[in-house]
Amino acid sequence: MSTTTPAVPGQASVPPPAGPVGGAAAAPRVLRQRRRRPGLIALSVALIAAGGLLGALLFTASGQRTAVLVVARDVPVGAPITDADLTTASLALDPAVKAVPAAKKPGTVGQRAAVALKAGALLSPSQVTAVSLVKPSEQLVGVALKPSQLPASRLAPGQQVLIVSTPDAAQPAGGKPAEGAAPKTLAATVVAVGLPAPATGVVVVDVAVPASDGPALAARVTTGPVALILAAREG
């Protein structure tokens, strides 16, 4: 026996949900609404903005260039620097790098190389000096030396050396220094070192010596053999 539910005035009748025949109606799926976290969203936006700002700052800093002096050709130590020895370049430099600004080129020309300058190298303030390797009270003497009269270590301008007078093999026995006597030496400063001669290997070394000893050294080099030894470093 069926029972009919009376209709309520003013309310539409709603048919029962359709379900599988002969079975219970399926329960409706409940969709869970995701919870938004405003704090996390704000943090993400802030990080993105900070990253963009940092990138812009790095790009701007890398684009800041400075005009500096660069060595245009090799300059031996002690040689005066000419206008043709220098050129300019625009570089982005680290603050720790010490360079000579291009605006100081007029004041740099005329000074001397404190070290050997190589073409293409950045010029630093410590590489130039106003002091000459040959002082006003000194003379420059060229000494031709065989490989056996030189140390094996490569000589460089500015080194302190001793010029030693060695016995001449052709000199009579009576003219040799007494046995046990110290050989005559002369302190000097290396100013320039020439290239070895292709056939003999002889190297001409320009040395600065006191003006009073210059003529005697020049005569000794011409008439008798000498040797060159490196002086001990101070300290």
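Considering all non-hydrogen atoms of both residues, Leu217 and Val207 come closest at CD2-CG2, 4.1 Å. The minimum heavy-atom distance linking Ser212 with Pro215 is given by the pair O-CD, 4.2 Å. Of all heavy-atom pairs spanning Gly214 and Val209, the tightest one is CA-CG2, 3.8 Å. Taking both residues in full, the closest heavy atoms of Ala89 and Val70 are given as CB-CG2, 3.7 Å, listed atom of the first, atom of the second, then distance. Ala192 and Pro157 make their closest contact through CA-CG, 4.3 Å (heavy atoms, listed as atom of the first residue, atom of the second, distance). What you find for Gln149 and Pro225 is that their closest heavy atoms are NE2-CB, 4.0 Å.
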>> The test is side chain to side chain contact (heavy atoms under 4.5 Å, CB included); show your working for Val190 and Asp206 and say whether it passes.
In response: CA-CA 6 Å; Val190 176; Asp206 289 345; over 6 Å; no
> Step by step, would you call Val134 with Val191 a side chain to side chain contact (heavy atoms under 4.5 Å, CB included)?
Replying inline: CA-CA 8 Å; Val134 183; Val191 176; 3.9 Å; yes
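Residues Val100 and Val68 fail the side-chain proximity criterion, which asks for heavy atoms closer than 4.5 Å. Side-chain contact between Thr108 and Leu123: present, with at least one pair of heavy atoms (C-beta onward) separated by less than 4.5 Å. Leu117 places none of its side-chain heavy atoms less than 4.5 Å from the side chain of Asp74.
Other residues, nucleotides and ligands place more than 12 heavy atoms under 6.0 Å from the NZ atom of Lys105.
The one candidate from Val164, Ile163, Val143 that meets the side chain to side chain contact (heavy atoms under 4.5 Å, CB included) condition with Leu228 is Ile163.
Asp85 contributes a side-chain N or O that, together with a main-chain N or O of Thr82, makes up a donor-acceptor pair within less than 3.5 Å.
Checking Gln160 against Thr189 by side-chain atom types alone, a donor-acceptor pair falls below 3.5 Å.
The hydrophobic clustering, which links ILVMFWY residues whose side-chain heavy atoms are closer than 4.5 Å, places Val226 and Leu186 together.
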